[in-house]
Amino acid sequence: MHIIDSGYVYDGRRAPAHQQNCAFTTICRMQDGTIIVSGRWGSARDSPDGHACIFASTDHGTRWEKRYDGYGRLDWAEIPGENKGLTCSELRAGVLTASSLWVDRSDPDLPFINPQTQGLLPMRIIHTTSTDGGYTWEKPRRMETAPHLAASPCSSSILMLPDGVLAQPYEHWKEYDDPQPGRPAARLRLSGDQGATWPNYVTVAHDPDNTLAYWDQRLALHPQTGQLVAMFWTHDFVAGTDRDIHIAWGSAEGKEWSSPSSTGLPGQHCQPLALGGNQLVAAYTHRRDPPGIALSISDDFGKTWRRDQDLMVYDSTAGTESGAAASRSQAEYWSDMELWRFGHPRAVLLPNGEIMVVFYAGDDRVKSARWARIAR
């Protein structure tokens, strides 16, 4: 693999103050070839002014157009809120369906994570659609997540399974003032009526001993068999450190899953991308030295990886990331996350076989949305 070209989707260094910090980058390739990129922009990584924007390119990254700016459009039922991006999928030709996490910011002085309990502000998973390529969006709809509280889609788009059922990946934690330990799990919410209702859920990954957290599940489908694969940022609560990225395989209808196992990839957020046949690429955040965004390829749908051919898509020059090389308490780890300078890689396969990756990257003050195009 090698990088053909790279650049900025949106350069935070030239942006107004409320759009100088990007995170939660996502990417979608529409059937007409348009590349859609979204993310969460704000004045800081944790700030009440967090909002979604939509950028589009019709020439594989040479030029980018801002199609939607969600700044100032954050309220829900007259409650001030923050919108952490619009993660898009094209479930019908020409129609974008976006998943988003809306967070209650009615008290702007409260941080997103409670420093005493590590609980999360009230939140809702919402869905909305656009019929004009992301310029305008319909009124958002709330997705039911009961009995799971503090549920987040983790910047994961809705998937259409081979049987036509829609699947929304999500995870859950605990509410803001809950003093009890959180019990995270990765789930799929299923809809058999094209997203009108989401009555059923499936557990993708959960540690019954509550020692490991399987965070930020990212999924891909085998192009021939429909088999699902999920990859997880895996954290050890007891050791206070990250484990290698874990992986699990699911049936085509999403209802049966293997137990997560280690990939040997030393990273966090990880996007699997099916390349055809049994080939799978993993785009992941490598937080320890040397810090950056890496790609690794598998020829057996994630069972083994060609580590000797790994590619660093982005090499951070800002130094060691906060807390990356030490055991951290849970509170310290949440604080570290607010200081990280790059992450959230997402990828799509282009018609010519190239891979396009988006991520955020920058320094302690500004973080921009970036892209890279890779040949294999």
Rounded to the nearest 0.5 Å, how far does [atom2] of [Y] lie from [atom1] of [X]?
{"X": "Trp137", "Y": "Arg67", "atom1": "CH2", "atom2": "CZ", "result": "10.5 Å"}
{"X": "Arg373", "Y": "His2", "atom1": "CZ", "atom2": "NE2", "result": "10.0 Å"}
{"X": "Trp334", "Y": "Gln118", "atom1": "CH2", "atom2": "CD", "result": "8.0 Å"}

Inset, instruction - Identify whether NZ of Lys or CZ of Arg in Lys367 sits under 6.0 Å from the centre of the six-membered ring of Trp41 and within 45° of that ring's axis. - result: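 No, Lys367 does not sit over the ring of Trp41.
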Inset, instruction - Measure from NZ or CZ of Lys84 to the centre of the six-membered ring of Phe112, then state whether that distance is under 6.0 Å and the direction lies within 45° of the axis. - result: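 The answer is yes, since Lys84 meets both limits relative to Phe112.
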Inset, instruction - Fit a plane to each ring of His148 and Tyr201, take the angle between them on a 0 to 90° scale, and name the class: parallel (under 30°), tilted (30 to 60°) or perpendicular (over 60°). - result: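 His148 and Tyr201: perpendicular rings.
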Taking a hydrophobic cluster as the set of Ile, Leu, Val, Met, Phe, Trp and Tyr residues connected by side-chain heavy atoms closer than 4.5 Å, whether directly or through intermediates, do [X] and [Y] fall within one such cluster?
{"X": "Ile374", "Y": "Ile35", "value": "no"}
{"X": "Trp371", "Y": "Met30", "value": "no"}
{"X": "Val204", "Y": "Leu219", "value": "yes"}

Is the [atom1] atom of [X] crowded by more than 12 outside heavy atoms at less than 6.0 Å?
{"X": "Glu175", "atom1": "CD", "answer": "no"}
{"X": "Arg14", "atom1": "CZ", "answer": "no"}
{"X": "Arg92", "atom1": "CZ", "answer": "no"}

Salt-bridge contact [X]-[Y] (side-chain N to carboxylate O under 4.0 Å):
{"X": "Glu354", "Y": "Arg376", "answer": "no"}
{"X": "Arg13", "Y": "Asp11", "answer": "yes"}
{"X": "Arg142", "Y": "Glu144", "answer": "no"}

Legend entry - Side-chain H-bond candidate by donor/acceptor type, Asp49 with Ser43, under 3.5 Å: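 Yes, a side-chain donor-acceptor pair sits under 3.5 Å.
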Does any non-hydrogen side-chain atom of [Y] lie less than 4.5 Å from one of [X]?
{"X": "Ile27", "Y": "Val348", "result": "yes"}
{"X": "Ser368", "Y": "Cys22", "result": "no"}
{"X": "His286", "Y": "Pro266", "result": "yes"}

Legend entry - Sole candidate of Arg45, Arg287, Arg341, Arg328 that passes salt bridge (Lys or Arg N to Asp or Glu O under 4.0 Å) when paired with Asp336: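 Passing option: Arg328.
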